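Chain identifiers are assigned alphabetically (A, B, ...) following the order of the sequence lines, protein sequences preceding nucleic acid strands; residue numbering begins at 1 within each chain. These figures come from a predicted structure and were not determined experimentally.
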There are 2 protein chains.
Amino acid sequence: MGVRKAKAAETEVALKEAARRQFARRGYLNTKITDITADAGRATGSFYDHFASKDELLKALLADLHDAAHDQFAAEGGHGHHDLADRDQLRTHLGVAWGLMRDHRPVMVALFESALADGPASGALWERLTEDTEVLRAHLEEMRAEGRALPGPPALVAAAMGGVLSILAYALTPEATPYSDDEVVDTITALLLNGLAGA
Amino acid sequence: MGVRKAKAAETEVALKEAARRQFARRGYLNTKITDITADAGRATGSFYDHFASKDELLKALLADLHDAAHDQFAAEGGHGHHDLADRDQLRTHLGVAWGLMRDHRPVMVALFESALADGPASGALWERLTEDTEVLRAHLEEMRAEGRALPGPPALVAAAMGGVLSILAYALTPEATPYSDDEVVDTITALLLNGLAGA
DNA sequence: GTCTATATCGCGATAGAC
DNA sequence: GTCTATCGCGATATAGAC
């Protein structure tokens with residue numbers, strides 16, 4: 001890679017990092033192109049040499065997230081037999097998902113807002129929810145195939161589980177929340193495993 | 001009430017109804033003042049004779065929702081002893097909440113988006129979540145006072161429960177969803193009551 | 001590739017006739 | 001109270017020098 005390209009790549013990285021910072025602070029919708037370029041210490045016009053729009057930038061960030069998610073789940077998913085009604089397995093699953101959301105919170109936030117921006121009639125949020133809980137749904141269907149009782153349709157249950165994580169990840173700002181990551185994961189695990197009635 | 005005032009009130013109602021329709025279709029953030037006035041068959045300027053801003057209009061709609069919610073919960077809440085681990089009581093609670101969200105979906109959608117618009121660092125979504133699940137939290141604390149085991153801190157559990165309802169109410173567009181209201185309420189009830197491990 | 005400067009535009013909000 | 005017409009701001013996106 002030549003020096004010219006390296007410089008360009010450097011700027012692109014700087015823009016991405018600035019975007020993450022700004023998304024975390026202002027949210028995706030409230031972040032202006034100029035907020036990003038200013039944070040990155042570049043001129044406004046430079047943005048468009050790297051990304052066609054804010055949305056395209058988000059897609060690039062999403063690709064990075066997907067890579068990370070794939071690695072994480074690959075590292076975890078060595079089980080031959082999945083059983084979400086097993087406490088340890090459920091906790092591990094939720095823990096990995098929560099960790100990812102925390103590490104990539106700016107992108108999660110942005111995706112969430114972006115889905116909302118399409119309007120409630122577009123079904124974009126439902127799409128996000130079902131796509132992101134694809135793995136969960138598959139596990140639930142395995143359970144059902146074994147004749148185990150489920151609370152409801154696998155896709156709906158999976159979406160509900162993913163929904164709780166997403167909304168809490170958005171609502172609980174890391175700087176202000178009184179709850180530790182472990183506390184959150186433990187609580188959600190207990191709630192989703194045994195519900196309010198307990199073991 | 002004179003004819004003049006009646007006409008004005010009529011326009012105000014028309015604007016509110018138009019706003020609800022537009023919020024349901026486009027979402028709150030995407031809805032422009034002109035979308036509302038056009039839908040109501042009025043001129044742009046007329047809007048400001050009734051509301052100072054889109055946000056003020058939302059506040060007015062919220063007041064209507066609060067009235068309805070108060071009535072609903074008053075009609076239901078005759079129990080001397082609350083027990084969220086009791087299937088019937090939990091289902092009733094969730095059913096009432098779900099029904100309200102469905103009947104006032106445009107306002108729910110708008111409140112949700114409005115909270116997001118303040119940015120993730122503002123904590124506005126967490127505020128919404130805790131305020132709206134105030135009653136739930138109180139019931140959970142009763143349970144805890146009786147020495148019953150809870151999945152976690154009452155406020156967090158309540159927020160998680162409210163969060164599932166909110167996000168599903170937003171994501172499941174009434175026109176497109178394959179799930180009936182009963183199916184959703186049954187599923188959430190089962191999930192929150194006994195979790196994935198079953199009874 | 002990066003900068004400065006600017007064209008362009010949508011939209012919120014107001015002024016003033018009726 | 002309601003209308004039409006318009007002002008002005010803020011933000012995206014582009015043009016052109018370096």
Rounded to whole angstrom units, what separation is found between the CG atom of B/D49 and the C1' atom of C/dA17?
-> 14 Å
Between D/dG1 atom C1' and B/E12 atom CD, what is the distance in whole Å?
-> 12 Å
Choosing from D/dT12, C/dC3, C/dG12, which nucleotide comes nearest the side chain of B/K32?
-> C/dG12
Taking the inter-plane angle between the rings of B/H82 and B/H139 on a 0 to 90° scale, is it parallel (under 30°), tilted (30 to 60°) or perpendicular (over 60°)?
-> parallel
Walk me through it: do B/D39 and B/Q22 pass the test side-chain hydrogen bond (donor to acceptor under 3.5 Å, both in side chains)?
-> CA-CA 8 Å; B/D39 186 318; B/Q22 293 296 311; 2.7 Å; yes
Proximity to the side chain of B/S53 - top-ranked nucleotide from C/dG12, C/dT2, C/dA13 | C/dA13
Quickly work out the B/K54 NZ to C/dG12 P distance and round it to whole Å.
-> 6 Å
Short side-chain N/O contact from A/T11 to OP1 or OP2 of C/dT2, under 4.0 Å | yes
Check every atom of C/dT2, D/dA13, C/dG12 against the side chain of A/H50 and return the nucleotide holding the closest atom.
-> C/dT2
Distance check: side-chain N/O of B/S46 vs OP1/OP2 of D/dC3, anything under 4.0 Å?
-> yes
In whole angstroms, how far is the P atom of D/dA13 from the CD1 atom of A/I33?
-> 6 Å
May I ask you to decide whether A/D118 forms a salt bridge with A/R128, counting only side-chain N to carboxylate O separations under 4.0 Å?
-> no
Gap between atoms OH and P, on B/Y28 and C/dG12 respectively (whole Å) | 10 Å
To the nearest Å, how far apart are B/Y48 OH and D/dT6 P?
-> 18 Å
CG of A/D55 versus C1' of D/dA13: gap in Å, rounded?
-> 15 Å
Could you check whether the rings of A/Y170 and A/F112 sit parallel, tilted or perpendicular, using 30° and 60° as the cut-offs?
-> tilted
To the nearest angstrom, how far is A/I36 atom CD1 from D/dT12 atom P?
-> 9 Å
